[in-house]
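These notes are about the structure you will find just below.
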Amino acid sequence: MAVEHPVATPAGDQTRIHNIGYRAYDGPRLGRAYARRSLYSQSLRGSYGLGRSVKSKVLPMLLFVVMCVPAAIMVAVAVATKAKDLPLDYTRYAIVMQAVISLYVASQAPQSVSRDLRFKTVPLYFSRPIETADYVRAKFAALASALFVLTAAPLLVLYVGALLAKLDFADQTKGFAQGLVSVALLSLLFAGLGLVIASVTPRRGFGIAAVIAVLTISYGAVSTLQAIADAQSLGDGGGSSGAIAWIGLFSPVTLIDGVQSAFLGASSAFPGGVGPSNGEGVVYVLVTLGLIAACYGLLMRRYRKVGL
């Protein structure tokens with residue numbers, strides 16, 4: 001309750017000093033787990049512009065629609081023509097739509113971390129009770145979850161459409177499960193790379209350009225080198241064909257392509273349609289998991305310095 005203290009003032013002056021005081025908080029202490037969940041949920045919502053301005057919702061929602069529309073068209077074609085299979089495998093869908101996925105990562109990774117760096121709010125997160133690991137895990141999980149929603153939603157459309165078209169239930173369920181495994185791995189890898197690149201600069205525009213450059217230029221360069229190696233292998237009787245698989249280790253998109261073609265029964269986008277063997281596929285898996293772990297480690301190191 002405010003307490004009034006009368007002050008000696010000239011006649012007619014009604015000046016008062018109000019001592020409103022401070023009260024100690026005696027409610028529940030929700031702790032780190034609650035703070036981590038809150039940061040995760042807010043970051044996930046922000047990845048689709050939820051809780052933000054209408055302008056912030058346009059691009060992520062548009063990209064989500066662009067991802068799902070081709071799947072809906074394929075389902076409509078399969079139903080109308082009474083096809084015995086879908087025009088595109090579940091595991092191939094994300095590879096075909098990799099440009100849209102890269103654009104989504106480029107737009108949302110800087111949104112997730114660059115503003116905190118620009119406005120120097122990261123130390124406020126770390127004041128209490130959140131620690132560096134909580135911040136990194138929440139941001140990493142949020143962007144990976146947003147990417148999983150983006151990439152798994154069209155697969156769900158394909159799966160439901162395939163069942164409505166009365167395609168074989170066992171085959172479609174198996175393909176759908178393989179597709180989910182593939183996009184889950186892709187989501188973790190792309191989220192890690194996007195956040196690491198975006199965390200380098202507080203300027204969102206620079207972060208967007210850098211993410212697009214890394215994801216798209218690397219894929220274009222690797223695809224070109226693979227095509228050259230394939231052409232040379234035709235000239236030397238297949239002696240250069242072994243290099244095609246190893247070149248694929250240098251692009252995030254071809255890494256996922258190699259893993260799923262080696263272990264998930266997917267057709268490969270590599271020249272000639274021949275992906276890595278099982279032995280080479282093990283290397284692909286190790287490199288992919290190593291990159292994800294390296295991204296997490298780099299983020300931890302980066303935010304330990306920022307939080308000081």
Side-chain angles (χ1 to χ4, degrees), residues 67-68 70-75 77-79 81-102 144 147-191 219 222-223 226-227 229-230 233 238 241-292:
M67 283 292 294
C68 292
I73 294 174
M74 292 178 192
V75 167
V77 171
V79 172
T81 60
K82 297 181 179 180
K84 296 182 178 180
D85 206 351
L86 292 172
L88 189 66
D89 293 338
Y90 294 95
T91 49
R92 291 284 304 139
Y93 194 88
I95 302 299
V96 172
M97 302 295 290
Q98 57 87 21
V100 180
I101 300 171
S102 298
L147 276 169
F148 184 75
V149 171
L150 180 77
T151 53
L155 301 188
L156 182 60
V157 172
L158 288 175
Y159 180 64
V160 172
L163 297 184
L164 292 176
K166 298 181 179 180
L167 301 182
D168 185 75
F169 176 80
D171 288 343
Q172 297 304 317
T173 301
K174 179 182 178 182
F176 179 57
Q178 291 173 336
L180 290 180
V181 172
S182 175
V183 297
L185 194 60
L186 180 146
S187 299
L188 288 170
L189 179 59
F190 276 45
Y219 178 66
V222 165
S223 298
Q226 286 180 324
D230 182 58
S233 69
S241 60
I244 296 175
W246 300 117
I247 294 173
L249 293 171
F250 296 95
S251 165
V253 178
T254 52
L255 267 177
I256 301 299
D257 190 343
V259 170
Q260 66 182 21
S261 62
F263 298 111
L264 298 177
S267 58
S268 177
F270 289 4
V274 179
S277 63
N278 288 343
E280 294 166 337
V282 171
V283 178
Y284 271 69
V285 172
L286 293 176
V287 171
T288 303
L289 296 178
L291 272 177
I292 295 171

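Note that the structure is a prediction, hence the values are computed from the model and not measured.
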Student check: side-chain heavy atoms of [X] and [Y] closer than 4.5 Å:
X	Y	answer
Val181	Leu185	no
Leu147	Leu186	no
Val160	Phe176	no
Leu86	Met74	no

Residues passing the side-chain hydrogen bond (donor to acceptor under 3.5 Å, both in side chains) test with Tyr93, sequence neighbours excluded, are none

Is Gln172 reaching over with its side chain to a backbone N or O of Ala162, donor-acceptor style, under 3.5 angstrom?
no

Any side-chain to backbone donor/acceptor pair from Thr288 onto Tyr284? Under 3.5 Å, distance only.
yes

Heavy-atom closest pair, residues [X] and [Y]:
X	Y	value
Leu155	Leu180	CD1-N, 4.0 Å
Ser187	Thr151	OG-OG1, 3.7 Å
Thr254	Gln226	CG2-OE1, 4.3 Å
Val183	Ala94	CG1-CB, 4.0 Å
Gly258	Pro276	O-CG, 3.4 Å
Ala227	Pro271	N-CG, 3.9 Å

I would like to know whether Thr91 and Gln260 meet side-chain hydrogen bond (donor to acceptor under 3.5 Å, both in side chains); could you show each step before the answer?
CA-CA 7 Å; Thr91 49; Gln260 66 182 21; 4.7 Å; no

Quick one: list whatever passes ring pair (Phe, Tyr, Trp, His ring centres under 6.0 Å) with Phe270, sequence neighbours left out.
none

What's the separation between atom [atom1] in [X] and atom [atom2] in [Y], rounded to the nearest 0.5 Å?
X	Y	atom1	atom2	value
Leu188	Leu289	CG	CG	9.0 Å
Tyr90	Thr173	OH	OG1	7.5 Å
Asp168	Lys174	CG	NZ	11.0 Å
Met97	Leu150	CE	CG	8.5 Å
Ile95	Leu88	CD1	CG	10.5 Å
Ser267	Asp257	OG	CG	8.0 Å

Show your reasoning for whether side-chain contact (heavy atoms from CB on, under 4.5 Å) applies to Leu189 and Leu291.
CA-CA 7 Å; Leu189 179 59; Leu291 272 177; 3.8 Å; yes

Test side-chain contact (heavy atoms from CB on, under 4.5 Å) applied to Leu164 and Val75, step by step:
CA-CA 9 Å; Leu164 292 176; Val75 167; 6.0 Å; no

